[in-house]
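Here's the structure, in structure tokens; my notes come after.
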Amino acid sequence: MALLKKRKHERSEQDQEYFQCYSDVSIHEEMIADTVRTNGYKQAILHNHCALQGLTVLDVGAGTGILSVFCVQAGATRVYAVEASAVSQLASHVVTLNGMDNKVKVLNSPVESAEIPEQVDAIVSEWMGYALMYESMLPSVIYARDKWLKPGGIILPSAADLFIAPINDRVVESRLDFWNEVKGLYGVDMSCMRPFAHSCIMNKEMAVNLLSPEDVLSFPVRFASLDLNVCTQEEVRNLHGSFQFSCFGSSLLHGFALWFTVTFPGEKTVTLSTSPYGEETHWKQTLLYLDEEIQVEQDTDITGDITLSPSDVNPRHLRALLNYSIGGGLRRTKHFHMGT
Ligand SMILES: C[S@@+](CC[C@H](N)C(=O)[O-])C[C@H]1O[C@@H](n2cnc3c(N)ncnc32)[C@H](O)[C@@H]1O
């Protein structure tokens, strides 16, 4: 019982810390300035305006209220904009400024305890974190869907897919090579720093960085898919999938990249992609580095599997378990974390 109480207390402190982050302008600035993200939602909501015409909508985690405003512009008659952090006050101002006070009701509350006056026809939410699952907001959307969405209602987005690919990270390579170049700059040999730099950069922390298509060493593999109409809390707590790659050519393999897409239903399907082949987003790509660089050649086979799950210490943080084998060699395992 005491342990349960301690866990609950820790959880509420972690939630407070999480919502505190969203009470600052920086994170909202980054999201609204991400035109791929914001236009993706705008297109999905407005281009399929017939779908939301005359409907009631619940915006889970409304932030500054921009998605709620899009929904009204698309013809929704009533939007409940639920936001747990203090930024909900600003959402109210945005709603007033856009003359939508009679249509949007902002509720400052976690969606889990929000008193919404009616069941809704549609849910919209931007819940995705790095590697899709960091921040662990999806369970709140599932909770809201199961409690407040009418049977057969619309959920935006309605699907999410996770991808993995082997990579050569040229930024890492040049950071490592730098230590060989110091002698040319100052006449001091500092090449012994390379293994140290290697262990600092390629550690167990998942990195978030931008890749370009040339960094990707084979066709990517989709290793997990979520149907947001029906997925369960349990399913999203443990996303698992296997992969098999055949390398394009000779290169140094530094590790693997993860990225995701989300898809919106409608007459015109809209997909918001965080792939290195697409336009840059604030999610960039999530990188899992191996302990050592490995030379691969054309058609080198890489097989393995990956599991993403919330951290035991703080469920808002993320863990990844990677098993892999290169060129039919020994199967290796590496644990990664983002946060604790
Ligand atoms: C990724 S931001 C999206 C904000 C806004 N919808 C937008 O698109 O700009 C997620 C927002 O959801 C809020 N949030 C997360 N979990 C929530 C919950 N359980 N109940 C209410 N708000 C939540 C956060 O405070 C944050 O403002």
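Note that ligands are numbered from 1 as they come in the structure, with each ligand's atoms numbered from 1 the same way.
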Atoms in ligand 1 with a heavy atom of P110 nearer than 4.0 Å: 20 (N), 21 (C)
Can an N or O of M137 be found at a distance shorter than 3.5 Å from an N or O of ligand 1? no
Non-hydrogen atoms of Y143 versus ligand 1: any pair closer than 4.0 Å? no
Is it true that E279 and S273 share a donor-acceptor pair across their side chains at a distance under 3.5 Å? no
Give me the nearest non-hydrogen protein atom to atom 20 (N) of ligand 1 as residue plus atom name, then the distance to 0.1 Å. V111 N, 2.9 Å
Quickly, which of P166, S218, S246 forms a side-chain contact (heavy atoms from CB on, under 4.5 Å) with I302? Name it, please. P166
So that I can tick it off, tell me whether R78 and D121 are bridged by a salt bridge, with the cut-off set at under 4.0 angstrom between side-chain N and carboxylate O. no
Within reach of ligand 1, part of A114 (heavy-atom separation under 4.0 Å): neither
Relative to atom 1 (C) of ligand 1, which among H28, E135, E126, E83 owns the nearest non-hydrogen atom? E126
Going by distance alone, is a donor N or O of one side chain under 3.5 Å from an acceptor N or O of the other, for D161 and S225? yes
Between W283 and F260, is the ring centroid distance below 6.0 Å? yes
Sub-4.0 Å atoms of ligand 1 with respect to non-hydrogen atoms of S140: 19 (N)
Please verify whether a non-hydrogen atom of G129 lies at under 4.0 Å from ligand 1. no
Nearest heavy atom to atom 7 (C) of ligand 1, choosing from R316, M31, H282, R37, belongs to R37
Specify side chain, backbone, both or neither for Y18, according to which of its non-hydrogen atoms lie closer than 4.0 Å to ligand 1. side chain
Assess, by modelled atom type and distance only, whether the side chains of N314 and T340 contain a donor and an acceptor separated by less than 3.5 Å. no
Heavy atom to atom 6 (N) of ligand 1, shortest distance: which of G61, C21, S136 holds it? G61
Looking only at side-chain N and O atoms, does R222 offer a donor or acceptor that is under 3.5 Å from a partner on T261? no
For residues F264 and Y41, establish whether the separation of their ring centroids is below 6.0 Å. yes
Mark up the atoms of ligand 1 that fall under 4.0 Å of a heavy atom belonging to F19, in ascending order. 14 (N), 15 (C), 16 (N), 17 (C), 18 (C), 23 (C), 25 (O)
Ligand-residue contact atoms, ligand 1 with A62, heavy atoms, under 4.0 Å: 5 (C), 6 (N)
Answer yes or no: does atom CD of Q89 have more than 12 heavy-atom neighbours from other residues, nucleotides or ligands under 6.0 Å? no
Measure from atom 21 (C) of ligand 1 to every heavy atom in A84, S23, A81 and give the option owning the shortest one. A84
